[in-house]
Amino acid sequence: MAGLQKEVWIAGIQENPIPDNSFVFASTDKSEYVENNKLHLAEAGIEPGVHENYFAGSETDLPLATITDIPNEVVLNTYSTDRTRHRDLQEVELQYNKRASVTNRHKTALAKNMGIRAAFAWSPATDDTNNKIVVVGGGKFLDAIIDMQAFYNGLDIYDGLNICLTAEHMAIIKKEDKVLYKEILNTSEMYGFKVYRYNKTALYTSANAKKPFGTVKAAGDKNCSFTWCTNEVFRCFGDTEMYETIRSAASQADEISFAQRALVGNIRATNPKYLGAILS
C-alpha cells in the first residue's frame, strides 16, 4: 500500500511555524545560518569595532574581533509531537482543509513548546551590569517598567525592545492606570516596549533566584514578566520530518507524528545580555 506524500504534509508544518503575533517572533531569525541541523552562530556575528583613521601613522594590523561568548556551532534540538490517530489519512491528504486541520494541531503544539522555552531562555538568571531584575515590592508596577526602560536607555538601547506581561501584571496595570491599559490594548506598546502577553514565564523564588526549566511552581514562587532586545535573541528552524503508520493493527486506524529540528536562545549564548525580569 502506498504511503502518504510526506512533502505535502511537511509543507503544512513549515509554513509560518511561529505565528506572527507570538512574542517568539520578536527575535532574529537565524535559520539561514543552519546547515545540517547545526546553527553556526559565530557567522551570524556580533558587530565588530570601528576605528577612525586607524592606519594614519600606524602600520599594525587591525584588531581581530573576539566573539568567545558565541559558540561556533550549536546542534538544533529535536521536538517530536505525540502520535495522533485518524481515519483514512490517504483520503484526508487529498482535501486541503482536512489536511490542514491535522497539521495545524501539531504545528500549534510545536509553537507552544517553543514559546515556553523562549520565555525561559530570554529571562535573566542574574541582576548585573547587562541584565536587570526589578522587584516591585511595595511600589507601583508601572514604576518598575519605567525603571526597566531607564536601564535599557542607560545602555543607549532604544529600539527593538519588547516586554511580555503576565495576566497578573496586566491586571495590576489596569488598576494603576486604566487609560494606559486601554492604550496598550489598542497599540500593543508602552514606554518604548512592544507589548506581548504570555503566562508560562520563568519562575523565580521568594529570594528572586531564577528556578531551573520545568520546575513545578512552589509556595512563594513568582512568574516574571520579562523584557528583551530583538537583536540579542534568536529563533531558527532546521529539518522537519513526518512519521506515519497506515492501518495500524494496534489501533485499526492511521497514526501520524512530526519531528521539528529547532532552537531558541540568546545570541551571546554563554553570556546573555540585555534581558530583564519584573517580579511582584
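- With hydrogens and angles left out, the side-chain atoms of S123 and Y204 include no donor and acceptor closer than 3.5 Å.
- Heavy-atom minimum distance, E255 versus S251: OE2-OG, 3.2 Å.
- When all heavy atoms are compared, the tightest approach of A259 to T78 is CB-CG2, 4.1 Å.
- For the residue pair K217 and N223, a side-chain donor N or O sits within less than 3.5 Å of a side-chain acceptor on the partner.
- Applying the salt bridge (charged side-chain N to carboxylate O under 4.0 Å, His left out) test to K38 and every residue at least two apart in sequence or in another chain returns E73.
- In terms of modelled atom types and a separation under 3.5 Å, the side chain of Y181 and the main chain of K175 share no donor-acceptor contact.
- A distance of 6.0 Å or more separates the ring centres of F234 and Y33.
- By the 4.5 Å heavy-atom criterion applied to side chains, E183 and M190 are not counted as neighbours.
- R197 CZ to L185 CG: the interatomic distance, rounded to the nearest 0.5 Å, is 5.5 Å.
- For the pair D254 (side chain) and D88 (backbone), a donor-acceptor distance under 3.5 Å is present.
- Using modelled atom types, one side-chain atom of D128 and one backbone atom of N131 make a donor-acceptor pair closer than 3.5 Å.
- In this structure, I146 is not a member of the same hydrophobic cluster as I133, with clusters built from ILVMFWY side-chain heavy atoms closer than 4.5 Å.
- Counted by atom type alone, N266 and K273 present zero donor-acceptor pairs between their side chains at under 3.5 Å.
- Qualifying side chain to side chain contact (heavy atoms under 4.5 Å, CB included) partners for A144, counting only residues two or more places apart in sequence or in other chains: V134, V136, I278.
- The 12-atom threshold is not exceeded at CD of Q252, counting heavy atoms of other residues, nucleotides or ligands nearer than 6.0 Å.
- With values rounded to the nearest 0.5 angstrom, K200 atom NZ is found 4.5 Å from I116 atom CD1.
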Worksheet item: Run the side-chain hydrogen bond (donor to acceptor under 3.5 Å, both in side chains) check on Y243 and S80 step by step: do they pass?
Response: CA-CA 10 Å; Y243 301 90; S80 304; over 6 Å; no
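- Remark: K6 pairs with I10, M242, E244 by the side chain to side chain contact (heavy atoms under 4.5 Å, CB included) rule, at least two apart or across chains.
- Within a 6.0 Å radius of CG in N186, other residues, nucleotides and ligands contribute more than 12 heavy atoms.
- Residue F151 is grouped with residue L161 when hydrophobic side chains (ILVMFWY) are merged at heavy-atom distances under 4.5 angstrom, including chains of intermediate members.
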Fill in: side chain to side chain contact (heavy atoms under 4.5 Å, CB included) between E168 and F141, intermediate numbers included
CA-CA 11 Å; E168 177 189 2; F141 188 82; over 6 Å; no
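- Y198 and I163 sit in two unconnected hydrophobic clusters of ILVMFWY residues. Membership requires side-chain heavy atoms under 4.5 Å apart, directly or through other members.
- For the residue pair A253 and R85, the shortest heavy atom distance occurs at CB-CG, 3.4 Å.
- At least one side-chain heavy atom of L4 sits under 4.5 Å from a side-chain heavy atom of Q90.
- By the rule that hydrophobic residues join a cluster once side-chain heavy atoms approach within less than 4.5 Å of another member, F213 and L275 end up as members of one cluster.
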Discussion item. Run the side chain to side chain contact (heavy atoms under 4.5 Å, CB included) test on V264 and S27 for me, step by step, so that the C-alpha distance in whole Å, both residues' side-chain angles and the decisive distance to 0.1 Å come before the verdict.
Written reply: CA-CA 9 Å; V264 290; S27 59; over 6 Å; no
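- Inter-residue side-chain proximity for I13 and Q260 is flagged as met; some heavy-atom pair is nearer than 4.5 Å.
- Counting only distance, with no hydrogens or angles, the side chain of N37 and the backbone of G238 share no donor-acceptor pair below 3.5 Å.
- For the atom pair CZ of R235 and CE of M114, the computed distance is 9.5 Å after rounding to the nearest 0.5 Å.
- K107 and N16 make their closest contact through CD-O, 3.9 Å (heavy atoms, listed as atom of the first residue, atom of the second, distance).
- In this structure, the side chains of K132 and Y152 stay at 4.5 Å or more apart for every pair of heavy atoms.
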Practice prompt. For side chain to side chain contact (heavy atoms under 4.5 Å, CB included), just list the numbers for R83 and T245, CA-CA rounded to whole Å, side-chain angles, deciding distance to a tenth of an Å, and then say yes or no.
Written response: CA-CA 10 Å; R83 293 173 296 160; T245 302; over 6 Å; no
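- Counting only heavy atoms from C-beta outward, the side chains of Y79 and R117 approach each other to under 4.5 Å.
- Grouped with F55 in one hydrophobic cluster are Y54, L62, the linkage being side-chain heavy-atom contacts under 4.5 Å among Ile, Leu, Val, Met, Phe, Trp and Tyr residues.
- The two atoms that bring L76 and L39 nearest to each other are CD1-N, 3.6 Å, heavy atoms only.
- Ionic pairing of E176 and K140 is not present here: no N-O contact between side-chain nitrogen and carboxylate oxygen is shorter than 4.0 angstrom.
- Atom OH of residue Y191 and atom CD1 of residue I184 lie 8.0 Å apart, to the nearest 0.5 angstrom.
- Contact record, F23 with F226: CE1-CZ, 3.7 Å, taken as the closest heavy-atom pair.
- Of the possible polar contacts, one joining the T201 side chain to the C224 backbone as a donor-acceptor pair under 3.5 Å is found.
- You'll find the side chain of W122 stays beyond 4.5 Å of the side chain of C164, heavy atoms only.
- Atom CG of L180 and atom NZ of K182 lie 12.0 Å apart (nearest 0.5 Å).
- At most 12 heavy atoms of other shown residues, nucleotides or ligands fall within 6.0 angstrom of atom CG in D159.
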Discussion item. Go through it in stages, so that I can follow the logic: the residues are N208 and K222, the test is side chain to side chain contact (heavy atoms under 4.5 Å, CB included), and I'd like the CA-CA distance, side-chain angles, deciding distance and then a yes or no.
Written reply: CA-CA 8 Å; N208 307 320; K222 298 162 283 190; 2.9 Å; yes
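- Although no hydrogens or angles enter the test, the distance criterion places a donor-acceptor pair under 3.5 Å between the side chain of S225 and the main chain of T166.
- Placement of F237 and W9 within a single hydrophobic cluster is found when ILVMFWY residues are connected by side-chain heavy-atom separations under 4.5 Å, directly or transitively.
- Taking K211 as the reference, D221 meet the salt bridge (charged side-chain N to carboxylate O under 4.0 Å, His left out) condition, with sequence neighbours excluded.
- Atom OG1 of T84 and atom CG of L89 lie 7.5 Å apart (nearest 0.5 Å).
- Checked against side chain to side chain contact (heavy atoms under 4.5 Å, CB included), N162 has the following partners two or more places apart in sequence or in another chain: A26, K194, Y196, W228, T230.
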